Protein chains: 2
Amino acid sequence: MTSTASRPSRVAKLPPRERILDAAEELFQSQGIARVGVQAIAERAETTKMAIYRHFDTKDALVAEWLRILAADYQAAFDRVETEHPGRPREQILGLARFIAEGLPTLSHRGCPFINSLAELPDRSHPARQVIEEHKARQTRRLVGMCADAGLPDPEQAAAEITFALEGAQVSTQNGSIDRVGERLLRIVAGIVDRPRASAP
Amino acid sequence: MTSTASRPSRVAKLPPRERILDAAEELFQSQGIARVGVQAIAERAETTKMAIYRHFDTKDALVAEWLRILAADYQAAFDRVETEHPGRPREQILGLARFIAEGLPTLSHRGCPFINSLAELPDRSHPARQVIEEHKARQTRRLVGMCADAGLPDPEQAAAEITFALEGAQVSTQNGSIDRVGERLLRIVAGIVDRPRASAP
DNA sequence: CCTGCACGATACCGATCGGTATCGTGCAGG
DNA sequence: CCTGCACGATACCGATCGGTATCGTGCAGG
């Protein structure tokens with residue numbers, strides 16, 4: 001499994017499974033799930049449909065695995081932000097917002113893969129849909145915890161505000177209705193975290 | 001109601017074009033664009049594919065027309081909210097938020113049709129995509145105007161905040177990560193509109 | 001050295017896609 | 001009354017979809 005480059009040809013190619021997942025990532029993100037055929041993924045991965053079906057039972061299973069990896073990547077990035085500011089929830093939250101804001105130009109007019117994929121998966125029992133919903137639920141729980149640690153009066157409401165802002169920023173980037181989205185997003189989240197309280201300690 | 005048409009001529013049927021658009025509306029909203037075939041639309045509209053192609057050049061043209069009508073419906077609803085509170089921009093903005101909040105339970109786990117459709121239309125030159133982008137741009141312009149009328153210090157930033165909140169609320173309703181979304185949305189928008197200013201008149 | 005198996009290549013399957021051609025008929029507008 | 005045309009029905013088109021079967025080969029692990 002661990003490859004060890006061997007020495008097949010000049011360029012060291014990744015093993016087929018990785019190439020397939022990379023190809024799926026690029027095509028699903030740029031064109032959506034339904035528009036991308038298994039054959040197209042095979043071609044971009046420089047392999048064949050048969051190889052794909054050797055690693056994944058169905059196209060849906062490949063979609064689910066792609067989203068699983070993507071969710072894990074996001075979780076890892078959030079973990080990194082959190083450990084960068086130990087015991088400082090305010091900075092953790094702002095770091096998270098900065099991470100999203102910095103990713104916006106990359107998403108450009110294609111938006112967030114989770115939001116987009118959900119649109120193509122109306123069936124609530126679809127495995128990929130469950131991956132997304134669990135990821136979003138985890139992310140919300142984490143944010144509520146941070147808001148509580150930061151001493152915000154109503155952590156659940158604050159987490160909802162921040163979540164709406166993050167999701168809305170991605171949607172607005174996609175449809176191009178608002179300029180300087182990243183900048184505005186950071187100001188909004190800072191406003192929530194630094195909101196003046198009614199009572200003082 | 002659809003099911004079997006036992007009562008033929010008793011019930012006044014809408015003309016085919018309206019039935020097609022109604023059927024498309026229901027199927028696109030509940031299943032997405034790509035998953036719905038022209039044949040399925042014809043069946044639900046109790047007509048044939050030929051009739052659809054008599055009224056619309058392509059499936060894409062039908063999609064664009066559906067979104068055009070939907071955008072017009074939203075515009076009309078916003079107009080109604082605006083004229084309900086003449087000269088009172090604060091109430092207009094809150095009315096707009098209430099309109100969206102009340103619609104959330106209906107959207108349920110399927111979310112906003114504009115957001116969902118954008119996910120399925122990666123091609124920026126697609127006519128339907130342009131319909132959506134123009135609609136969102138108009139909506140933002142209207143909101144900026146209301147915020148300016150309400151005397152908010154930075155109308156563009158306030159409009160962005162409100163837009164993010166509205167879009168984010170719809171996304172979070174779809175993925176189920178947050179409870180009592182409508183209630184939270186109203187509190188957020190009220191907070192923006194009633195935010196204490198640095199200077200007073 | 002030997003061998004099993006992942007791999008790539010190729011050919012195929014039924015189903016469904018968007019879109020077209022053709023024709024008979026009922027009804028609305030002149 | 002007459003007629004044109006929207007309509008419904010039916011049959012068809014090539015392309016593509018997800019998924020499968022089969023086979024030869026090169027290389028890694030024993």
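The chains referred to below are lettered A, B, ... by the order of the sequence lines, with proteins before strands, and numbering in each begins at 1. Remember, it's a predicted structure, so these values are computed and weren't measured experimentally.
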Return the pairing partner of C:dT3 with a 3.5 Å limit on both distances, Watson-Crick or G-U wobble; otherwise return none.
D:dA28
What's the closest nucleotide to the B:V38 side chain, out of C:dG18, C:dC7, D:dG8?
C:dG18
Taking atom C1' of C:dA9 as reference, at what distance in whole Å does atom CE of A:M50 sit?
11 Å
Both distances below 3.5 Å, Watson-Crick or wobble geometry, any strand: find the nucleotide opposite C:dA15.
D:dT16
Neighbour count >12 (heavy atoms, 6.0 Å) for atom CZ, A:R88:
no
Would you call A:E161 and A:R195 a salt bridge, using N to O less than 4.0 angstrom?
yes
Measure from CG on A:L62 to P on D:dG19 and round the result to the nearest Å.
10 Å
In the strands shown, is D:dC23 matched to any nucleotide by a Watson-Crick or G-U wobble pair with both distances under 3.5 Å, and which?
C:dG8
Identify whether the distance between the nearest side-chain nitrogen and carboxylate oxygen of A:D79 and A:R142 falls below 4.0 Å.
yes
I need the CD-P distance between B:E18 and D:dA6, as an integer number of Å.
16 Å
From CD of B:Q31 across to C1' of C:dT16 the rounded distance in Å is 15 Å
At less than 4.0 Å, is any side-chain N or O atom of A:H55 found next to OP1 or OP2 of C:dA6? Yes or no.
no
To the nearest angstrom, the CD-P distance between A:E43 and C:dG8 comes to 14 Å
Give a yes/no answer on whether the side chain of B:R35 brings an N or O atom under 4.0 Å of OP1 or OP2 in C:dT16.
no
Of A:K49 and B:G37, the one whose nearest nucleotide on DNA chain C sits closer to the 5' end is A:K49
Would you say D:dC7 has OP1 or OP2 under 4.0 Å from some side-chain N or O of B:R19?
no
State, without any angle test, whether B:T58 and B:D60 hold a side-chain donor-acceptor pair at a distance under 3.5 Å.
no
Between D:dT22 atom C1' and A:Y53 atom OH, what is the distance in whole Å?
18 Å
Mind calculating the distance between CZ (A:F56) and P (D:dT20) to the nearest angstrom?
15 Å
The test is salt bridge (charged side-chain N to carboxylate O under 4.0 Å, His left out); show your working for A:R187 and B:D154 and say whether it passes.
CA-CA 12 Å; A:R187 276 181 61 190; B:D154 186 344; 3.4 Å; yes
Are A:T48 and C:dA9 close enough that a side-chain N or O sits under 4.0 Å from OP1 or OP2?
no
Find the distance A:I33:CD1 to D:dG18:C1' and express it as a whole number of Å.
15 Å
